[in-house]
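Just below is one structure, and these are the notes that go with it.
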Amino acid sequence: MTTASPVSADTASVPISTDPGGGVMGDRFRALTLGIVSVVLVIAFEATAVNTAMPVAAGELDGFGLYAFAFSGYFTTTLFALVVSGQWCDRSGPLRPLFTGIAVFGAGLLVAGAAPGMWIFVGGRALQGLGGGLVIVALYVVVGRAYPERLRPSVFAAFSAAWVLPSIVGPLVAGAVTQHIGWRWVFLAVPVLILLPLAVMGPALRRSEREQPLLGGAAFDRRRTGLAAMAAVGAGLLQYAGQRLDLPGLLPAAVGAALLLPAVLGLLPAGTLRAGRGLPTVILLRGVAAGAFFAAEAFIPLMMRTERGLSPTLAGLTLTSGGLSWALGSWIQGRPGAERHRTLMIRGGFVLTAVAIAGAALVLVPAVPAWVAAVAWGVGGIGMGLAVASISVLMMKLSTPEDAGANSASLQVSDALGNVLLMGLAGVLFGALGGGSVAAVHDGAAGAGSTGAFAVIFGVMAGVALLGALVSGRVRKAA
């Protein structure tokens, strides 16, 4: 699963609905609620399904060397789209970025599903990320503009719940489709599923927008948009250089670093990279948590296929426990009295995540049962639920009302950057240690895996999670 995106800073000032009538499933809001939750459901299903289909897709496209790039490319373009979508929503409302994002997301699915080679597949994933970034911010703006304040918690709870069902059935469905029909249909069939939410919510969304006050037509923040573009291009160049691992690759690596570093410094609060006390460390830890967990998660189905010979379905189901236990961890941190232990829950969440990543790697030992990875990922889900939700709560606590939007955007930027950089690092390690030569696997038969590459990736990500635990004490402001 992936983390949900909070409202962008650029959307913090949009007008909101004050209509007091009905609930989220009342006559007034039912169609809109069903439509926007269905969009989240489709995106969530694709996010969980791609983990299951990726090992087979990379094998058939002879693209194990670009395996991590197929994941990090998605987050790279998402980073840029988040900033653009927020400002676009401020300028003309959420309809255009929402429907544009859905169209681009669907186009990316078609490109990935029809890709003749791995580079085209990566391009399709990048298109998906661009569309997904536009959509998720626009959806949050829709909630802010269309629903009265008393109903918004219910809508956001529905968004979270929409991730639970795909985490259960996504791997099962994607695995069955991959095995019996082909991995391409995991991507090609999803655009059809988008049509129903569009038909349901389109009229309701347009009616809601007609009832809102006209927006002021705020100009795009060219500096922020430029920084987001620099970060995306810089990260892409670094990932490309990491895939080459040769002397000519030094040039794109240098250019990428020169673009990425100043962009990150401009997009994140001062002191974030040095873990300054209080808010800077809170923002930093969001990226550390997301990057370490999802970089490891991306390689679990591939590891289970190539090292243990599991079918696509069983390899994908290894991750199901993480989606369910994430919801449990989030629920625990929201219980009465939890506020007093916020820092402890963040630290404990990072420790549990590190233990889970290391525990999943134990299946590289032939004597260890394969189900250990599923148990470990259940532990990791609890840790992420505790840490990520607590980080979000603490961010809001440390923000003034005037800064809440900007800090929410920074939190999401950190999340995307953490995914891009640590997923990219995992890809470099995988290629450098021979993972790119992993033989394709079919029909559940084990291929020539690279045990050392998997072990190093999981070891590094577990270490990053432990580093997050060590730094977590700095979320408290200095006396």
Side-chain angles (χ1 to χ4, degrees), residues 1-2 38-64 66-75 77-78 102-132 135 162-197 294 297-306 310-320 322-323 423 440-444 447:
M1 67 186 289
T2 62
S38 296
V39 171
V40 175
L41 191 67
V42 170
I43 293 176
F45 174 79
E46 189 278 338
T48 56
V50 71
N51 283 324
T52 302
M54 265 300 298
V56 178
E60 290 192 8
L61 297 176
D62 194 23
F64 281 113
L66 297 175
Y67 185 84
F69 210 167
F71 290 96
S72 58
Y74 181 98
F75 291 108
T77 52
T78 297
I102 291 174
V104 173
F105 185 80
L109 288 167
L110 295 176
V111 170
M118 195 62 177
W119 275 111
I120 303 298
F121 182 86
V122 170
R125 291 286 293 157
L127 272 178
Q128 287 178 247
L130 189 63
V135 167
W163 282 91
V164 176
L165 182 61
S167 71
I168 300 173
V169 304
L172 185 63
V173 173
V177 170
T178 300
Q179 282 182 254
H180 302 294
I181 304 178
W183 66 267
R184 295 183 184 276
W185 288 102
V186 174
F187 296 89
L188 295 176
V190 174
V192 178
L193 302 179
I194 299 176
L195 298 178
L196 180 60
F294 292 121
E297 183 178 73
F299 283 88
I300 287 179
L302 181 60
M303 177 179 69
M304 303 304 285
R305 287 279 286 149
T306 59
L310 296 187
S311 67
T313 303
L314 291 177
L317 283 173
T318 304
L319 306 179
T320 298
M423 196 80 73
V441 290
H442 300 284
D443 301 322

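Computed over heavy atoms, backbone and side chain alike; hydrogens, waters and symmetry mates excluded. Not measured: the values here are computed from a predicted model.
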Which atom of G108 lies closest to which atom of Q128, heavy atoms considered: C-CG, 3.7 Å
Least distance between heavy atoms, V186 atom then A49 atom: CG1-CB, 3.8 Å
Given the options Y74, F187, F69, F121 meets ring-ring contact (aromatic ring centres under 6.0 Å, His included) only with F187
One should read off an interatomic distance between L61 CG and M54 CE, to the nearest 0.5 angstrom, of 8.5 Å
Sequence neighbours left out, what pairs pass salt bridge (Lys or Arg N to Asp or Glu O under 4.0 Å) with at least one residue falling in residues 169-197? none
Taking C-beta and beyond as the side chain, do I300 and L319 meet within less than 4.5 Å on heavy atoms? yes
Quick one, V39 and F105 - any side-chain contact, counting heavy atoms below 4.5 Å? no
Whether Y67 and F299 hold their rings parallel, tilted or perpendicular, with breakpoints at 30° and 60°: tilted
Euclidean distance, F71 CZ relative to F294 CZ, rounded to 0.5 Å: 11.5 Å
Within-4.5 Å side-chain heavy-atom neighbours: H180 and W185: no
Min side-chain heavy-atom separation L172-T313 under 4.5 Å: yes
So do the side chains of E297 and N51 get within less than 4.5 Å of each other, counting heavy atoms only? yes
Answer yes or no: is there a side-chain heavy-atom contact under 4.5 Å between P171 and L317? yes
If we only count heavy atoms from C-beta on, is the P55 to W183 side-chain gap below 4.5 Å? no
Flag side-chain contact, heavy atom, 4.5 Å: V190 against V42: yes
Could you tell me which non-hydrogen atom of M118 sits nearest to which non-hydrogen atom of A58, and how far apart they are? CE-CB, 4.1 Å
Qualifying residue, where the test is side chain to side chain contact (heavy atoms under 4.5 Å, CB included) with R125 and the options are V50, I120, L109: V50
Considering all heavy atoms, the nearest T52-A174 contact: CB-CB, 3.9 Å
